[in-house]
Amino acid sequence: VTFEEYVLVRGPALVRLARLLVGDDQLADDLVQDVLAKAYVRWSRIARAEHPDRYVRRMLVNARNSWWRRAVNREVSVPVVREAAVAAADHGDRDALWRLVRALPERQRAVLVLRFYEDLDDTEIADILGCSPVTVRTHAMRGLARLREKVGDAGYPAIQRSTP
Amino acid sequence: MSDDFEGRLTAVLHHHADRPVDADALLAAARDAGRARRRRRNALAGTGVAGVTAAALVAVPVGLGTLGGSGDGVNGVAGGQLEGPVPAPPTAPGAAALADRPDLVGTNARVVRYVVGWAPLPVDQLEWGVHPGVENVRLALTAGAQRSVDVGIVARTDPNPDQLDVPPVAGVVTREVEVAGRPGVLMTSPDRLLTHRWLFWSPVDGVDMRVTVTVPDEDRAAVDDADVVRLASSIRLDRTARCAAPMQLTHRPTAAPLTSCENAMEVGSDPRAVASGSASFGEFDDGLFVSYVAPAIPAEVVPTDIPWLSADPSPGSAPVFAPTTGQVTRIVGEFQTYVSTTGGYTEADARAVADGLQPGGRADELASWTPIP
């Protein structure tokens, strides 16, 4: 597969994945463009990988982590989690849950995105993240627990538990 | 609550991600950024070598001969009528060409069993290489004042059904064509920012070939369907190109065979870069990768603001720079070389290979390039 063919076919999916990883459309576009530019330079090697797409997604996730810290420096802090919970309580809709997802630590969030959006199994996620399937399950369990902590049975965030 | 909650989470993720993406714009931006990245890397390696490039421009056709105008090829391209001959890579003496042994396509990383004879625009860069099961040639062409047209040619005997041959672009126009007397299918997309053309045919029984041409909208008129067919028809199936490098690889991993090889020559407007290439030994996830670019980086011009390049503290190896941990670079003659490893191969393996690289040819004399062992 050529670089051009790959981008035309898989590029949109990469952008959508990036939107979930960074939470901002413009930043997602920039991140994917940056990753694809790196892939372009070494495409001849990537193209012979058994799963080129998995390799590029690994580049994307890893780039998100380092790039985010270096260029954006918008790591979510505890106050943001509380803010998200308050906002969630105000709206009680899917935007509220999305805010909570955005407030998750990066690895937990990446695992949940890859599992529930990309529909990958733990082995595939582990390959992309460069960790073991056990670690993937741990991140998933903790991420889901963290979300459920903020979401009541009715699906509304419980700000009484998250606000001191 | 679990299933319901996870279902709601899935819906939330799709709600916040599933909006349209302009794939053409993404490709154009990514390719421009990739080229800029490559230029920066080449510029870093090629300060002040305009004279070498000029020599390369002369050496390629003089030393090895252009292929486009001979007119005696398998595909019957008329001599003297080719307005854009493609520089000829070094031949692989004794190796069977595609016309004689189509069954060998993609089986030997040291041999490309065909060459391209003509291009519709001046060639800025020529690449040729072999990966398992696939032999490919790439051309970067200049339209107007910029290098903007990409041409990819692929030959293989066992098409992988998983290969993404044609992206699912809406509105693709398909028509039947003839390529050197063989039936082919030409597909053209009417995309807004880029025009894509794919030409499929079988030049001999048992081998499938594909030409892919991508042209930006501003240069749309520079290439048409007839150009793509003519380029495909110019492919010489009775010539070979060898995997080689302007250096000797005196130490290589004994347990890992050469699995792929890429070579590239800058032959056009970029006065800074002359040649580059790579050789891969072993598997993608368990192997050793050697690459080179000419000429080497003068230590005094290495900029300090490139994050992936920093001084290598190894004693007695100046000037040496380490892009990242686990990779080794060396100056070999006029080349900057990089050796990296994956899987069970270590940085010590990379250093052993790097230490064994010896000068063995000139970048501007393709005939002097040493075959990769």
Side-chain angles (χ1 to χ4, degrees), chain A residues 1-20 23 25 28-29 32-50 52-53 55 70 93-98 100-102 112-113 115-119 144 147-148 151-153 155, chain B residues 1-2 4-6 8-24 26-27 29-38 41 127 129 131-132 134 136 138 150 152 154 163-169 189 191 194 196 198 212 214 259-260 262 278 280 283-285 289 291 307:
Chain A
V1 59
T2 67
F3 177 81
E4 288 75 15
E5 291 167 345
Y6 175 80
V7 175
L8 287 173
V9 173
R10 292 295 304 165
L14 291 176
V15 171
R16 295 185 182 106
L17 173 60
R19 286 170 179 166
L20 297 177
D25 281 14
D29 289 346
V32 172
Q33 181 180 319
D34 193 40
V35 166
L36 289 176
K38 292 176 182 174
Y40 177 89
V41 175
R42 55 188 310 195
W43 186 252
S44 63
R45 193 174 184 218
I46 294 173
R48 73 184 182 92
E50 188 176 0
D53 186 50
Y55 186 83
R70 185 178 68 249
D93 57 13
R94 53 192 173 191
D95 285 339
L97 183 53
W98 169 236
L100 294 174
V101 171
R102 290 185 60 184
L112 295 187
V113 167
R115 175 182 283 188
F116 293 107
Y117 180 75
E118 293 279 313
D119 201 25
L144 288 171
L147 292 178
R148 289 192 176 106
V151 178
D153 289 343
Chain B
M1 187 181 71
S2 175
D4 180 56
F5 175 75
E6 293 179 2
R8 193 148 43 86
L9 174 59
T10 301
V12 164
L13 295 176
H14 280 280
H15 173 74
H16 284 278
D18 292 350
R19 292 183 299 286
V21 176
D22 188 335
D24 272 344
L26 176 64
L27 173 58
R31 204 170 52 169
D32 286 348
R35 284 173 171 158
R37 193 177 187 87
R38 177 178 284 172
R41 186 166 178 158
E127 296 183 25
H131 300 285
V134 176
N136 60 276
R138 294 184 64 85
D150 281 339
V154 172
Q163 293 270 352
L164 307 174
D165 280 327
V166 178
V169 180
S189 81
D191 289 347
L194 297 165
H196 309 275
W198 302 270
T212 305
T214 306
T259 48
S260 69
E262 286 281 350
S278 65
S280 300
E283 301 301 320
F284 179 79
D285 292 325
F289 181 70
S291 65

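Computed over heavy atoms, backbone and side chain alike; hydrogens, waters and symmetry mates excluded. Lettering follows sequence order; numbering is per chain, from 1.
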Salt bridge between A:Arg148 and B:Glu6, side-chain N to carboxylate O under 4.0 Å? yes

Per-residue contact mode, A:Asp25 against chain B (heavy atom under 4.5 angstrom): side chain

Looking only at heavy atoms, the pair that brings A:Tyr117 and A:Leu17 closest together is CE2-N, 4.5 Å

I'd like to know which of B:Val21, B:Thr259, B:Asp18, B:Leu9 tops the heavy-atom pair count under 4.5 Å against chain A. B:Val21

Out of the candidates A:Leu144, A:Leu20, A:Val101, only one should pair with A:Leu112 under the side-chain contact (heavy atoms from CB on, under 4.5 Å) rule; please name it. A:Leu144

Taking A:Ala18, A:Ala13, A:Pro12 one by one, which has the highest count of heavy-atom pairs under 4.5 Å against chain B? A:Pro12

Per-residue contact mode, A:Arg19 against chain B (heavy atom under 4.5 angstrom): side chain

Please classify the contact of B:Arg19 with chain A as side chain, backbone, both or neither, using a heavy-atom distance under 4.5 Å. both

Applying side-chain contact (heavy atoms from CB on, under 4.5 Å), run through A:Leu8 and B:Leu26 and close with a yes or a no. CA-CA 8 Å; A:Leu8 287 173; B:Leu26 176 64; over 6 Å; no

Under a 4.5 Å heavy-atom cut-off, does chain A meet the side chain of B:Thr214, its backbone, both or neither? side chain

Contacts of type side chain to side chain contact (heavy atoms under 4.5 Å, CB included), residue B:Ser260, not counting sequence neighbours: A:Arg48, B:His131, B:Pro132, B:Ser280

Could you tell me which residues satisfy side chain to side chain contact (heavy atoms under 4.5 Å, CB included) with A:Ala39, sequence neighbours excluded, listed by chain and number? A:Phe3, A:Trp43, A:Ile46, A:Met59

Which one wins on heavy-atom pair count under 4.5 Å against chain A: B:Ala17, B:Gly152, B:Ala23? B:Ala17

